[in-house]
Amino acid sequence: MAGTIIDMSKIKQLLHLKKAGVSNRQIAKDLRMSRDKANEYVNRAESDPLGIDGLLKLDDPVLEKRFHPGNPAYTDERMETFLELLPDFVEQLSHKHVTRQLVWGDYKRMHPDGYEKSQFYFHLAQNLRAQKTPTSALPHDPGKELFVDFAGDTLGYVDVETGELIKVQTFVSTMACTDYTFALCVPSQKTEDFLHALGKALEFYGGVPRIVVPDNLKAAVIKADKYEPVLNKAMDDMGNHYGFVTIPCQPVKPTQKAKVENQVQIIYHRIYARLRNRQFFSLEELNAAVSEFLACHNQTRMQQRPYTREEHFHAVEKSELLPLPETPYQMKRYAEVTVQQNGHVYLSCDKHYYSVPYTLIGCKAKIIFTSTLVKVYVRGELVATHRRDRSFGYTSIDEHLASNTLAFTKRSASYYKDRAKHVSDALLALFDSMFAGSNGSCPPEYYYKTCDMMLRLQKNYPEDVFEEACEICLENRLFTGKRLENVLKTVQQSRQIVDSVAVPEPTGHANMRGTIFFQ
């Protein structure tokens, strides 16, 4: 009975059940306590002079004193042995991952008549507490602070292609007021992975705290300082997006984040230890297992409180968080470049070119890009927005290009047919036949300059002359600009002759259309 004292409200529930004739076994099951505990409390109640009815009438402090009048173990030989071994217990517990369970097991093997586990834990905690310098507890307002850190030890998964064990980092965060904890495995402690994990943590909590307290890792802090640390630009951007401020803990001895350090230790025992014999083949599979045990941790009733971390969080802290923004944060990166002569800026990390208005050629530009968007600013104004492309090549918007550039880049068979449609039906038919007649023997690009020449010739001749010349070229399959020009000249000359003599058109005109291009 020297371990954690059970709340007197539960003891009264036990007394009521016993009074109703419920068995000790069923009482232990209903109240979620061990059968030994239930048996001991029932025996004490039945042996008490007041009896069960008298005990139920007592106030909680008086009832607690009757069940826990004091522990005579402090005066027996077991305590003397315990105190002699205490320095060794403290030294063992200073090693990584050594737990009280392990220390008690070693102690019990050496001293079979020594304290049982609950008494051992109680006396160990009491003595360790007595060795510490008294400090005042720091108050934490609901929804105010979120502590974040990376676990020192790593987890891992097996790459199915290479068979290599890929080690990953475990991000851990906890709300200061309720200890509600989040954990996520990410590839590294780099800024992108850190901010990704922090964003997932805020989604997990369903809101935004007013203050985020990280360690002095490079992903969040560029220059550590006890009074005025210099934050990473990306961390500042994320804080502005979500509406929180970042206050790193002091360097060297970061005592302010003891909350999250404690949760890391608990996660070692409740997640790492349970995954020790399991093998994973992807980061997603590993995170699914971590999430499963994390939920179990948050939903486990705490030893000294009659509720779970999850219940406590939803009861007092969830409503105090700031709302999440409509869109999640995407990490921003920055680059300063010069607009090239082709009217594009070059993003070197992707080896990709993005267009800007051609009037800005030669100007200095600033690029701000995320995982999905690229924004280009010149003289403080947004001049272009593109979807990010991580492959080599060009992303261009027609409105950004000069007219001569656009005319060159947009050339195609359909482009020239569309232009011919607005010029002449005969020219459109000529272009259709010309591009269709190649039958794959030569690419469409072969006729582009011919089309340019024919469109230019249209501007130099009357509409009816040009229409007739196109019909002649179409009938005789004359698909060059020079031949169209010769036909145009011949048709124009013949019309001038006809007009000068003022005679009807000869009946052999059809034959002339078959031979006129040879003149």
Side-chain angles (χ1 to χ4, degrees), residues 2-4 71 73-74 77-138 140 147-156 167-174 176 179 181 183 185 189 213-217 224 226 248-277 290 293-294 297 300 302-305 309:
T4 302
N71 196 332
Y74 285 92
E77 295 180 355
R78 292 182 299 175
M79 175 55 64
E80 295 178 2
T81 304
F82 178 89
L83 293 176
E84 290 177 358
L85 297 174
L86 182 62
D88 182 55
F89 298 157
V90 174
E91 195 277 331
Q92 290 184 51
L93 290 170
S94 66
H95 291 286
K96 184 183 292 186
H97 306 332
V98 173
T99 64
R100 296 179 302 169
Q101 171 79 22
L102 183 62
V103 174
W104 173 77
D106 294 341
Y107 160 79
K108 195 65 175 174
R109 280 191 291 273
M110 292 188 298
H111 303 278
D113 297 328
Y115 290 129
E116 296 301 324
K117 183 166 64 175
S118 61
Q119 290 183 319
F120 180 88
Y121 283 9
F122 176 80
H123 295 309
L124 181 63
Q126 290 290 91
N127 283 274
L128 293 178
R129 189 179 298 115
Q131 293 178 8
K132 294 182 180 179
T133 303
T135 58
S136 59
L138 294 175
H140 296 288
F147 293 94
V148 300
D149 198 7
F150 279 102
D153 291 346
T154 59
L155 292 172
K167 292 186 177 181
V168 295
Q169 303 291 324
T170 304
F171 171 92
V172 181
S173 66
T174 186
D179 282 344
T181 304
C185 294
Q189 294 189 20
V213 183
D215 199 353
N216 286 272
L217 69 165
K226 185 175 182 180
C249 59
Q250 68 181 24
V252 184
K253 294 182 179 180
T255 55
Q256 292 97 330
K257 64 182 182 71
K259 284 266 185 179
V260 70
E261 293 284 1
N262 180 56
Q263 291 304 310
V264 168
Q265 295 301 318
I266 295 176
I267 283 174
Y268 284 152
H269 305 316
R270 294 189 176 180
I271 297 180
Y272 277 52
R274 294 176 179 177
L275 298 179
R276 66 189 185 280
N277 296 324
V290 170
F293 288 116
L294 178 69
H297 163 64
T300 298
M302 291 182 279
Q303 292 183 358
Q304 298 181 4
R305 300 177 187 178
R309 291 173 175 83

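Nothing fancy with the numbering, it's 1 onward along the sequence. Because the structure is predicted, anything quoted here is derived from the model rather than measured.
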Would I271 and H297 count as a side-chain contact (heavy atoms from CB on, under 4.5 Å) if you check the C-alpha gap in whole Å, the side-chain angles of each, and the deciding distance to 0.1 Å? CA-CA 9 Å; I271 297 180; H297 163 64; 5.7 Å; no
Correct closest heavy-atom pair for V168 and C185 would be CG2-CB, 3.9 Å
What one should report as the nearest heavy-atom pair of L294 and A183 is CD2-N, 3.4 Å
* Using only heavy-atom distances, determine whether the side chains of Q263 and T174 contain a donor-acceptor pair under 3.5 Å. => no
One should read off an interatomic distance between I266 CD1 and N262 CG, to the nearest 0.5 angstrom, of 4.5 Å
Looking only at heavy atoms, the pair that brings Q169 and F150 closest together is CB-CD2, 3.9 Å
Taken to the nearest 0.5 Å, the spacing of L124 CG from L85 CG works out to 11.5 Å
One should read off an interatomic distance between Y272 OH and T154 OG1, to the nearest 0.5 angstrom, of 6.5 Å
Closest non-hydrogen contact found for A176 with F147 is CB-CE1, 3.1 Å
Derivation of the side-chain contact (heavy atoms from CB on, under 4.5 Å) call for V290 and L275: CA-CA 8 Å; V290 170; L275 298 179; 4.0 Å; yes
Smallest heavy-atom separation, K108 atom then P112 atom, equals NZ-O, 3.0 Å
inquiry  = Would you say Y121 and Q101 are linked by a side-chain donor-acceptor pair, where the criterion is simply a distance under 3.5 Å?
reply    = yes
Interatomic distance, OH@Y115 vs CH2@W104, rounded to 0.5 Å, equals 14.5 Å
Item checked: Within-4.5 Å side-chain heavy-atom neighbours: V172 and T181 -> yes
One should read off an interatomic distance between I267 CD1 and L155 CG, to the nearest 0.5 angstrom, of 10.0 Å
Nearest heavy-atom contact between H97 and H269 is O-CE1, 4.2 Å
CZ (F89) and CZ (F120) are apart, to the nearest 0.5 Å, by 4.0 Å
| message | Is any side-chain heavy atom of T300 closer than 4.5 Å to one of R309? | response | no
